[in-house]
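Notes for the one structure printed next.
Values below: all heavy atoms of this structure, side chains included; hydrogens, waters and symmetry mates excluded. No experiment lies behind these values; they were computed from the predicted model shown. Proteins come first, then strands; the chains are lettered A, B, ... in the order of their sequence lines, and each starts at number 1.
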Protein chains: 2
Amino acid sequence: MSPSDLSPDPEQELVTDVFARGCTSRAAFEDVTSKWASLALLALGEGSYRFNALRRRVDGVSEKMLSQTLQALERDGMVTRDVVTTIPPRVEYALTPLGLKVAATLRDLADLLEGSVDDVGAAREAYDERPGGKRP
Amino acid sequence: MSPSDLSPDPEQELVTDVFARGCTSRAAFEDVTSKWASLALLALGEGSYRFNALRRRVDGVSEKMLSQTLQALERDGMVTRDVVTTIPPRVEYALTPLGLKVAATLRDLADLLEGSVDDVGAAREAYDERPGGKRP
DNA sequence: CGGTATCCCTAAGGATACTG
DNA sequence: CAGTATCCTTAGGGATACCG
């Protein structure tokens with residue numbers, strides 16, 4: 001068999017790295033940070049929601065996008081989908097342990113930004129006000 | 001005129017809330033979590049970068065998108081752009097104090113997901129394997 | 001090197017309608 | 001209520017070319 005000179009699969013990166021295209025962590029990272037997923041996770045961090053309640057909570061999302069988003073998050077093992085077959089039907093969405101951890105870091109980020117609205121607002125004004133800053 | 005029944009500006013939410021469309025924090029949140037911004041911030045969390053170095057670090061980004069992304073982040077007061085007029089020119093990008101804090105939370109998120117690749121991979125397989133799970 | 005400007009195309013995403 | 005299906009518009013984003 002091959003002795004010690006065997007380098008372990010040059011084409012196949014073994015380290016997991018969000019910077020690497022094709023790494024699962026990068027895919028998961030993009031799923032989580034996608035436009036609606038981050039807000040949906042944030043909302044579910046407050047507790048479980050039914051579809052339309054979640055839709056109202058996440059201001060501006062369409063049925064289609066919320067549905068797609070939840071499917072992606074369920075596939076990644078961050079969200080559970082619990083169907084209660086009553087009339088009318090109920091479907092409860094909640095976070096898995098992993099989803100809970102992810103939601104917590106997103107909460108940190110949201111808190112940070114909510115606490116920095118003034119700074120961001122000021123920075124934007126300064127940027128837009130300076131020559132060539134804005135396109136009217 | 002209207003006496004005490006005047007509710008304070010129903011159209012204008014005064015609380016800052018990432019869930020509210022039109023709130024600056026929501027805009028900042030979307031900027032930060034946008035496809036390339038999060039990776040750029042992550043990279044700049046490692047130290048300052050020049051344009052093309054950053055472009056190489058963020059695997060897959062085009063010149064155009066990196067440029068646009070950096071402008072948005074600079075406008076939000078998270079990234080500084082330092083032009084050194086030599087020949088050839090050099091432009092150094094770095095994080096502001098706010099950008100540093102944001103990058104830190106994104107680092108937490110990335111670490112969490114990098115540490116969960118196996119869980120995510122398993123969840124995906126399970127999801128795709130079950131009837132109606134995947135579209136071949 | 002570090003961009004901006006232009007062209008062009010795909011796919012994200014909204015609105016509406018219909019089903020279990 | 002909780003979605004899928006369809007249609008249609010927009011804009012995200014790549015490729016290329018060119019300027020400071």
Side-chain angles (χ1 to χ4, degrees), chain A residues 21-22 26-27 29-40 43-44 48-75 79-94 127-128 130-136, chain B residues 21-22 26-27 29-40 43-44 48-75 79-94 127 130-135:
Chain A
R21 275 192 320 221
R26 162 102 168 235
F29 190 79
E30 293 189 349
D31 279 353
V32 163
T33 59
S34 73
K35 187 172 175 63
W36 300 115
S38 46
L39 291 174
L44 291 173
S48 70
Y49 273 89
R50 294 171 57 184
F51 187 83
N52 279 314
L54 189 55
R55 179 157 148 58
R56 283 187 295 274
R57 182 75 181 109
V58 180
D59 192 18
V61 70
S62 67
E63 289 187 359
K64 178 185 171 183
M65 290 318 298
L66 183 57
S67 179
Q68 284 183 8
T69 297
L70 289 170
Q71 281 180 36
L73 292 177
E74 190 192 356
R75 190 172 102 99
V79 163
T80 60
R81 181 174 182 273
D82 193 9
V83 183
V84 187
T85 48
T86 54
I87 298 178
R90 309 179 40 142
V91 182
E92 290 280 343
Y93 289 92
Y127 185 97
D128 292 345
R130 76 192 195 204
K134 195 169 187 176
R135 307 272 140 238
Chain B
R21 272 190 324 214
R26 161 100 168 235
F29 189 79
E30 292 189 350
D31 279 352
V32 162
T33 59
S34 74
K35 187 174 174 63
W36 300 114
S38 46
L39 291 174
L44 290 172
S48 70
Y49 273 90
R50 294 171 58 183
F51 187 82
N52 279 313
L54 188 55
R55 179 156 147 60
R56 283 187 293 275
R57 182 74 181 111
V58 180
D59 193 18
V61 70
S62 68
E63 289 187 0
K64 178 185 172 183
M65 291 318 299
L66 183 56
S67 179
Q68 285 183 8
T69 297
L70 290 171
Q71 282 180 35
L73 292 177
E74 190 193 356
R75 190 171 104 98
V79 162
T80 61
R81 180 173 182 273
D82 193 9
V83 183
V84 187
T85 49
T86 55
I87 300 179
R90 306 179 43 141
V91 182
E92 289 280 343
Y93 290 92
Y127 186 96
R130 76 191 193 202
K134 196 171 186 176
R135 309 269 141 240

query: Would you say B/Arg90 reaches C/dG2's phosphate, i.e. side-chain N/O to OP1/OP2 under 4.0 Å?
result: no
query: Looking at residues 29-37 of chain A, who's got a heavy atom less than 4.0 Å off DNA chain C?
result: A/Lys35, A/Trp36
- line: Footprint ends on DNA chain D, 5' to 3', for atoms under 4.0 angstrom from a heavy atom of chain B, come out as D/dG13 to D/dG20
Protein-nucleotide distance (B/Met65, atom CE; C/dT4, atom P), rounded to Å: 13 Å
message: I want to verify a distance call: between C/dT6, C/dG2, C/dG13, whose nearest atom is closest to the B/Lys64 side chain?
response: C/dT6
query: Taking for each residue the nucleotide of DNA chain D bearing the nearest heavy atom, is the 5' side occupied by B/Val61 or by A/Ser67?
result: A/Ser67
- request: Report the distance from atom CZ of A/Arg55 to atom OH of A/Tyr49, rounding to the nearest 0.5 Å.
  value: 15.0 Å
field: Flag, side chain of B/Thr33 to backbone of B/Phe29, donor-acceptor distance under 3.5 Å
entry: yes
task: Please assess A/Glu74 against A/Tyr93 for the test side-chain contact (heavy atoms from CB on, under 4.5 Å), listing each intermediate value before the final yes or no.
output: CA-CA 9 Å; A/Glu74 190 192 356; A/Tyr93 289 92; 5.7 Å; no
- prompt: For the atom pair CZ (B/Arg75) and CZ (B/Arg81), what is the distance rounded to the nearest 0.5 Å?
  reply: 16.0 Å
task: Check the pair A/Leu66, A/Trp36 against side-chain contact (heavy atoms from CB on, under 4.5 Å), reporting the backbone distance first and the verdict last.
output: CA-CA 7 Å; A/Leu66 183 57; A/Trp36 300 115; 6.0 Å; no
- request: May I ask you to say what A/Gln71 touches in the nucleic acid, namely base, sugar-phosphate or nothing, with a heavy-atom cut-off under 4.0 Å?
  value: sugar-phosphate
- prompt: For B/Gln68, which contact category applies under a 4.0 Å heavy-atom criterion: base, sugar-phosphate, or nothing?
  reply: nothing
statement: In short, the helix from C/dC1-D/dG20 to C/dG20-D/dC1 is bent end to end, axes from five pairs each side, to 10°, by 50°
statement: Correct closest heavy-atom pair for B/Ala43 and B/Arg57 would be CB-CG, 3.9 Å
field: Heavy-atom check, side chain of A/Val79 versus side chain of A/Leu44, under 4.5 Å
entry: yes
field: Considering all heavy atoms, the nearest B/Ala37-B/Asp31 contact
entry: CB-O, 3.0 Å
statement: Rounded to whole Å, the CG-P distance (A/Leu66 to C/dG14) equals 11 Å
query: Reckon B/Arg81 touches a base, only the sugar-phosphate, or nothing at all at heavy-atom distances under 4.0 Å?
result: sugar-phosphate
field: Flag side-chain contact, heavy atom, 4.5 Å: A/Leu54 against A/Leu70
entry: yes
query: How close or far is atom C1' of C/dT4 from atom CZ of B/Phe51, stated in whole angstroms?
result: 10 Å
- prompt: Looking at side-chain heavy atoms only, is the closest gap between A/Arg26 and B/Leu39 below 4.5 Å?
  reply: yes
task: Establish, with yes or no, whether the OP1 or OP2 oxygen of C/dA15 is under 4.0 angstrom from a side-chain nitrogen or oxygen of A/Ser62.
output: no
message: With side-chain contact (heavy atoms from CB on, under 4.5 Å) as the test, pick out the partner of B/Arg90 among B/Asp82, B/Val84, B/Val83.
response: B/Val84
task: Could you tell me the separation between the CG atom of B/Asn52 and the P atom of C/dG3, rounded to a whole number of Å?
output: 8 Å
